[in-house]
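Below is one structure, written out as structure tokens, with a few remarks after it.
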Amino acid sequence: MADPFSFDDADEPDFSRAPTPRAGGIAARAQAAVQAAMGVPRYVEALNPEQRAAVEAMDGPVLVLAGAGTGKTRVLTTRIAHIIATGRARAHEILAVTFTNKAAREMKERVAALAGPVAEGMPWLGTFHAIGTKILRRHAELVGLKSGFTILDTDDQVRLLRQVIQSENIDDKRWTPRALAIQIDNWKNRGLGPAQVPAGEAEAFANGKGRHLYQLYQERLKILNAADFGDLLLEGLRLLRENADVLADYQRRFRYILVDEYQDTNTVQYLWLRLLAQGTPDRPRNICCVGDDDQSIYGWRGADVDNILRFEKDFPGATVIRLERNYRSTAHILAAAAHLIAHNEGRLGKTLFTDGEDGEKPTVAGVWDSEEEARTIGEDIEQLQRQGQSLDEVAILVRASFQMREFEERFITLGLPYKVIGGPRFYERAEIRDALAYLRCVAQPADDLAFERIFNVPKRGLGDATLQVLHDHGRRQKIPLMQAARELIETEELKPKPRQTIRALMDDFTRWSSLIDSKPHNELAEQILEESGYTDMWQKDRSADAAGRLENLKELVRSMEEFPDLGGFLEHISLVMDAENNDTGERVSIMTLHAAKGLEFETVYLPGWEEGLFPHQRSLDEQGRAGLEEERRLAYVGITRARLRAKIYFATNRRIRGLWQSTIPSRFLDELPAAHVDVVDGGQTSYGGYAASRFNAVETFGSSYNTPGWQRAQKSGGFGERGKSNWNASSKRGPQTIEGELVAKSSASSSYAKGARVFHQKFGSGTVSAVDGNKLTVDFDKAGRKMVLEGFVQAA
DNA sequence: CGGAGCGGGATTTTT
DNA sequence: TCCCGCTCCG
């Protein structure tokens with residue numbers, strides 16, 4: 001990345017500056033020829049047959065269904081390397097998109113490691129948003145922006161919307177800016193501009209003002225020369241749709257398109273990709289999407305699983321390759337995960353397998369309450385640690401972040417080092433946002449939102465009244481706030497005190513701006529924070545986190561060194577903004593299940609498997625069965641993070657919103673196969689008998705479907721066995737019904753026919769004797785007749 | 001303008 | 001229960 005943040009108009013990489021891609025291309029081609037003579041390139045040789053097929057399927061659309069731990073990133077990076085090495089395209093002719101900066105960074109590194117300097121740069125490898133921005137900046141004027149537009153984050157967006165709502169004399173208590181921000185974001189995710197919003201939805205906000213407010217907001221953005229995150233994609237889409245020449249240019253440019261985590265794409269991203277991948281008869285659509293429908297866990301944020309489920313329809317003639325050989329987890333862990341996820345209907349169907357060890361069975365333990373849960377897990381970790389388990393290889397994955405506190409408290413008392421992953425992001429912290437606002441004011445004097453933010457931070461006695469005066473003047477004269485301020489201090493409109501204060505502030509900004517070209521930008525930043533009194537403000541602050549905030553500010557200044565100038569830094573920060581935590585020492589990781597996607601650990605603790613928490617009640621209430629399936633995928637993601645040990649817990653009592661509530665074990669526990677799970681007694685104080693009855697229930701469900709419990713369940717849609725213990729003692733919600741429906745329903749047609757030979761992890765080989773939806777009756781050679789879920793066998 | 005005191009809401013989260 | 005944001009008052 002010579003200069004990743006300059007969005008100049010160089011259409012092709014500047015060969016005089018970039019490390020000679022053309023020469024590299026020739027070298028690569030020569031190398032490829034040598035390899036061809038010798039057979040297969042080494043990097044391809046190292047792959048398994050399916051991975052290799054995914055890398056070598058070069059023409060036309062390709063969908064790679066990559067299960068957890070099957071080498072997805074390896075396939076993507078090798079494919080890129082292969083495209084370059086075989087001379088099919090040069091690095092700048094490949095578009096490779098990811099969702100997170102982390103994924104983009106990782107891919108960049110791995111491609112460079114494989115393909116060497118030929119891949120240098122990969123100018124079009126990045127997140128959807130980064131690439132969207134890059135394209136948008138080149139053609140900004142075509143969508144009513146200027147190339148240097150500012151990218152607003154959620155906070156700015158909300159403040160702007162508040163102004164818009166107020167300007168329409170709408171009660172912003174009843175119709176909150178935040179709600180509108182969410183709504184607009186939602187529309188943008190779905191690819192809808194103000195004109196395309198369905199009438200019904202547009203009417204729903206503020207008695208029919210929804211569309212109008214959206215429209216006004218977009219106009220305000222253009223006046224401010226700003227774009228929100230949604231715009232980076234939606235305006236990017238509009239740009240391509242409305243400018244055939246621009247579209248054609250990019251279609252020609254991107255000879256190969258690769259998409260990571262395709263199951264997470266939302267509608268705009270899908271439409272954008274489809275447009276770019278649109279082929280002509282003489283030019284096949286070389287788009288390769290990699291994803292796992294079973295790991296789609298971002299539906300609530302606009303991701304549409306249907307995109308991946310529909311791939312073959314969208315791209316006729318697509319090659320579909322399944323990666324099912326898992327290199328991460330032991331057989332028992334995979335079996336547990338596979339059995340669980342087989343309960344989902346909306347999936348393409350994959351079953352992970354491994355040649356590796358059976359390993360330890362995942363465990364399920366019941367504990368009395370969340371306090372005991374934390375204590376038990378803490379002690380278990382200490383035990384493992386004594387056996388040589390590295391704490392870096394231990395993670396606690398929770399459904400909701402409030403669960404984390406209990407663990408933190410316990411670990412502090414135990415002296416067990418831990419780190420919380422996720423949490424409030426670096427850039428979201430108030431001190432960072434304040435500091436950035438100062439820098440934005442210096443670099444972009446028209447950035448009203450930034451100015452508003454720091455107008456009275458640190459407190460300098462300026463309030464709403466004064467701000468209102470500036471706003472009025474600014475609006476009248478059609479000038480930015482800072483300029484309005486400069487003009488007003490020359491008049492009598494302001495009271496003497498604020499006038500004096502503003503004058504001093506504007507003098508500060510004048511001085512800082514004058515230094516912008518002469519002083520290194522990180523030193524300038526330090527000076528600004530010092531002279532504005534901002535660091536002082538935190539130094540005087542007595543609260544516990546003040547020291548940490550000052551530390552963050554230092555980190556921010558330090559991180560600026562890596563950038564060529566202030567503008568480059570701000571561009572980076574608006575898109576990337578993650579702080580690398582440079583901590584030392586082994587630590588247990590605590591994070592949400594969502595944050596854990598893509599990671600792996602030797603030992604994974606999965607606490608809180610209780611109805612209402614996991615699956616989360618709200619997900620069920622709001623999304624119904626789709627919500628349940630997404631929760632189940634989350635459970636699947638959780639289990640498949642484990643290499644060696646997965647330890648599941650449920651508490652009988654949990655404090656939710658202050659009050660203690662008794663809970664029912666999660667239905668997902670019932671969906672684990674008894675043959676591959678050990679039910680253990682949890683902590684010392686857990687009440688007797690629970691584990692035993694629990695075990696029975698699992699046994700009933702998992703190992704044989706011919707028991708009375710199972711048959712009753714099929715008839716009634718519930719599990720009679722459970723009623724005996726306090727499985728559902730306080731349940732009025734009846735999750736069993738949904739579960740019964742899910743399991744027993746026979747709408748999905750099976751890919752196995754009567755007479756087919758299948759293989760089952762536990763029961764071995766057998767012949768299918770009956771098919772009922774996704775349930776198979778199989779006569780096993782050794783184990784006899786059993787009913788099993790389709791997802792739990794492989795064709796033999 | 002700024003602090004205290006009250007009411008409402010409280011999954012998951014990237015860019 | 002706890003936290004945030006808003007309102008009201010000094």
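So you know, we letter chains A, B, ... as the sequences are listed, proteins then strands, and number each from 1.
Salt bridge absent: Asp621(A) and Arg618(A) never bring a charged side-chain N and a carboxylate O closer than 4.0 Å. The pair Glu261(A)-Lys72(A) meets the salt-bridge criterion, with a side-chain N (NZ, NE, NH1 or NH2) lying under 4.0 Å from an Asp/Glu carboxylate O.
Residue contacts shown for Ser619(A) include a base, since a base heavy atom lies under 4.0 Å away. Within the nucleic acid shown, Leu462(A) comes within 4.0 Å of sugar-phosphate atoms alone, with no base atom in reach, counting heavy atoms only. Heavy atoms of Arg399(A) sit under 4.0 angstrom from at least one base atom. Using a 4.0 Å heavy-atom cutoff across all strands shown, Asn456(A) reaches sugar-phosphate atoms only and no base atom. Counting non-hydrogen atoms under 4.0 angstrom, Arg162(A) reaches the backbone sugars and phosphates but no base. Note on Glu631(A): a base of the nucleic acid sits closer than 4.0 angstrom, heavy atoms only.
For His594(A), the listed nucleotide lying nearest its side chain is dT13(B); candidates were dT13(B), dC2(C), dG3(B). In the set dT11(B), dT15(B), dT13(B), the nucleotide with an atom closest to the side chain of His129(A) is dT15(B). Checking dC2(C), dG3(B), dT12(B) against every side-chain atom of Lys459(A), the shortest atom distance belongs to dG3(B). Side chain of Ser401(A), nearest nucleotide from dG2(B), dT12(B), dT15(B): dT12(B).
Along DNA chain B, the nucleotide nearest Leu467(A) and the nucleotide nearest His616(A) are compared for position; the residue whose nucleotide lies closer to the 5' end is Leu467(A).
Under the salt bridge (Lys or Arg N to Asp or Glu O under 4.0 Å) rule, Glu235(A) has a single partner from Lys188(A), Arg137(A), Lys222(A), which is Lys222(A). None of Glu611(A), Glu406(A), Glu373(A) except one satisfies the salt bridge (Lys or Arg N to Asp or Glu O under 4.0 Å) rule with Arg654(A); the exception is Glu373(A).
Rounded to whole Å, the distance from CZ on Arg618(A) to P on dT12(B) is 10 Å. For the pair Glu261(A) CD and dT13(B) P, the interatomic distance rounds to 15 Å; values are reported in whole Å. What separates CE of Met537(A) from P of dG2(B) is a distance of 12 Å, to the nearest Å. dT12(B) atom P lies 10 Å from atom CG of Leu613(A), rounded to whole Å. Separating the CG atom of Asn266(A) from the P atom of dT13(B) is a distance of 18 Å, rounded to the nearest angstrom. In this structure, CD1 of Ile182(A) is placed 13 Å from P of dT11(B), rounded to the nearest angstrom. Rounded to whole Å, atom P of dT12(B) lies 21 Å from atom CZ of Phe99(A). One can place CD1 of Ile297(A) at 13 Å from P of dT12(B), the figure rounded to the nearest angstrom.
Scanning both residues, Asp293(A) and Val305(A), for their nearest heavy atoms gives O-CG1, 4.2 Å.
Using a 30° and 60° split on the angle between ring planes, Tyr298(A) and Trp300(A) fall in the tilted class, from 30° to 60°.
Here Trp300(A) lies parallel enough and close enough to stack on the base of dT12(B), with planes under 30° and ring centres under 5.5 Å apart.
OP1 and OP2 of dT15(B) both lie 4.0 Å or more from every side-chain N or O belonging to Thr154(A). Under 4.0 angstrom from either OP1 or OP2 of dT13(B) there lies at least one side-chain N or O belonging to Thr592(A).
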